[in-house]
Amino acid sequence: MASVTSSSPLQSLTMLKLTSNSYSSRPSVAFFVPSVNSSFGSTNSTFLQHGFSLQSQNFPGVLSKTRSFGVYARAATEKSIHSYTVKDIDGKDVSLSKFKRKILLIVNVASKCGLTSSNYTELSHLYEKYKTQGFEILAFPCNQFGGQEPGSNPEIKQFACTRYKAEFPIFDKVDVNGPNTAPVYKFLKSSAGGFLGDVIKWNFEKFLVNKNGKVVERYPPTTSPFQIERDIQKLLAA
């Protein structure tokens with residue numbers, strides 16, 4: 001009987017060797033990022049322009065996951081965040097192409113969450129600090145997590161702008177999960193899926209988008225805006 005030699009998952013993954021020299025070929029297949037501790041902006045990873053190809057020093061040539069979410073490295077597509085039009089908090093259409101060449105932090109917000117005060121405070125601070133350098137925060141209210149954004153659009157706007165002096169753009173209340181998921185969130189989640197698939201976990205989950213409109217990082221709700229500041233600085237300097 002012919003013998004069959006099996007290889008370990010890591011050995012199989014190392015066959016998918018992808019370095020900065022070969023990245024420009026933009027392979028047409030999607031790779032699942034292996035579970036190796038590394039994130040862009042850390043000391044044991046190399047951040048490339050498209051944000052997903054992170055080469056681990058411990059496992060050279062193997063794509064590593066970013067933070068705790070296990071971001072997928074996906075084939076380049078024509079679509080970017082700039083392809084979408086959304087409604088703002090006042091019901092007016094806004095083409096996200098107006099944010100071309102900007103670094104974006106996109107977050108689903110809520111007014112009655114335990115994370116509300118710290119997130120709004122830190123988001124407002126970061127926006128004030130970097131808005132003149134090409135940084136924008138796009139806030140999308142969502143009532144899908146514990147019913148913690150029950151108010152109308154005018155009530156949400158008054159809450160954010162009065163209590164937290166929020167000056168960054170706030171948009172129409174949307175669904176981020178389920179059959180009525182807003183198209184812009186379908187794009188965000190397909191660009192950076194989590195361990196549980198494309199499900200947004202809770203209020204204040206965050207996506208960092210580069211100047212070309214591509215998602216380069218996804219952060220869990222418990223990651224504070226201040227913890228993202230270094231990543232924002234790196235993209236602004238790129």
Side-chain angles (χ1 to χ4, degrees), residues 67-69 81 84-96 98-99 102-132 135-194 196-209 215 217-229 231-232:
R67 302 197 185 273
S68 60
F69 271 88
I81 199 72
Y84 295 88
T85 296
V86 298
K87 289 190 179 297
D88 66 14
I89 197 76
D90 298 315
K92 298 177 182 177
D93 286 338
V94 177
S95 172
L96 297 185
K98 70 179 289 185
F99 298 110
K102 300 267 192 177
I103 303 304
L104 306 178
L105 186 64
I106 301 177
V107 53
N108 57 299
V109 299
S111 301
K112 299 181 181 296
C113 178
L115 300 172
T116 297
S117 181
S118 61
N119 271 266
Y120 263 116
T121 299
E122 293 183 20
L123 287 170
S124 293
H125 178 84
L126 290 179
Y127 187 67
E128 181 64 26
K129 187 174 181 179
Y130 295 107
K131 65 181 180 181
T132 60
F135 174 64
E136 289 285 349
I137 295 169
L138 309 185
F140 287 86
C142 177
N143 194 42
Q144 289 187 293
F145 305 102
Q148 294 176 349
E149 189 70 295
S152 64
N153 278 357
E155 289 170 336
I156 294 169
K157 181 179 180 180
Q158 182 179 19
F159 171 84
C161 297
T162 301
R163 180 171 298 187
Y164 295 103
K165 311 298 181 186
E167 297 180 359
F168 47 81
I170 302 175
F171 295 91
D172 184 31
K173 190 190 297 188
V174 297
D175 281 359
V176 299
N177 291 327
N180 297 319
T181 298
V184 66
Y185 263 87
K186 289 181 181 179
F187 167 78
L188 292 170
K189 294 191 296 182
S190 69
S191 297
L196 299 180
D198 290 340
V199 176
I200 299 294
K201 311 305 184 295
W202 196 252
N203 305 307
F204 297 100
E205 194 157 317
K206 304 162 187 79
F207 294 85
L208 189 60
V209 177
V215 178
E217 184 64 289
R218 178 176 178 173
Y219 306 88
T222 51
T223 298
S224 74
F226 282 170
Q227 290 176 295
I228 303 172
E229 184 171 9
D231 294 347
I232 293 169

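Sequential numbering from 1 along the given sequence is applied to the chain's residues.
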Below 4.5 Å, heavy atoms only, C-beta onward: do [X] and [Y] meet side chain to side chain?
| X | Y | result |
| --- | --- | --- |
| E136 | Y127 | yes |
| D231 | Y219 | yes |
| P150 | K112 | yes |
| F226 | L126 | yes |
| Y130 | E229 | yes |
| F145 | I200 | yes |
| N119 | N203 | no |
| F168 | L105 | no |

For [X] versus [Y], what's the shortest heavy-atom pair and its separation?
| X | Y | answer |
| --- | --- | --- |
| C161 | A166 | SG-O, 3.5 Å |
| K87 | D93 | NZ-OD1, 2.8 Å |
| C142 | A110 | O-CB, 4.3 Å |
| K173 | E149 | NZ-O, 2.8 Å |

Distance from [X] atom [atom1] to [Y] atom [atom2], nearest 0.5 Å?
| X | Y | atom1 | atom2 | value |
| --- | --- | --- | --- | --- |
| E122 | S117 | CD | OG | 9.5 Å |
| N143 | D175 | CG | CG | 9.0 Å |
| L208 | L188 | CG | CG | 11.0 Å |
| E167 | L123 | CD | CG | 13.0 Å |
| K186 | Y84 | NZ | OH | 9.5 Å |

Taking [X] for the side chain and [Y] for the main chain, is one N or O donor matched with an acceptor at less than 3.5 Å?
| X | Y | result |
| --- | --- | --- |
| Q144 | N177 | yes |
| T181 | G178 | yes |
| K206 | F204 | yes |
| S111 | I156 | no |

Enclosure of K131 NZ (heavy-atom neighbours >12, cutoff 6.0 Å):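 Yes, because the 6.0 Å sphere around NZ of K131 holds more than 12 heavy atoms from other groups.
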Between V176 and K189, does a side chain to side chain contact (heavy atoms under 4.5 Å, CB included) hold up when you go through it step by step? CA-CA 9 Å; V176 299; K189 294 191 296 182; 5.5 Å; no
E128/K165 ion pair, N-O < 4.0 Å: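 K165 and E128: not salt-bridged.
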Parallel, tilted or perpendicular: which describes the rings of Y185 and F207, with under 30° parallel and over 60° perpendicular?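 The arrangement is perpendicular - the two ring planes meet at more than 60°.
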Side chain to side chain contact (heavy atoms under 4.5 Å, CB included) for F99 and I81? Distances and angles first, verdict last. CA-CA 9 Å; F99 298 110; I81 199 72; over 6 Å; no
Full working for side chain to side chain contact (heavy atoms under 4.5 Å, CB included) between F171 and V184: CA-CA 12 Å; F171 295 91; V184 66; over 6 Å; no
Side chain to side chain contact (heavy atoms under 4.5 Å, CB included) between Q148 and W202: does it pass, once the steps are laid out? CA-CA 10 Å; Q148 294 176 349; W202 196 252; 3.8 Å; yes
Residue of the set V107, N108, L115 for which side-chain contact (heavy atoms from CB on, under 4.5 Å) holds with P221: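 When V107, N108, L115 are each tested with P221, the side-chain contact (heavy atoms from CB on, under 4.5 Å) holds only for L115.
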From D88, D90, D172, residue fulfilling side-chain hydrogen bond (donor to acceptor under 3.5 Å, both in side chains) relative to N153: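 Among the candidates, only D172 passes.
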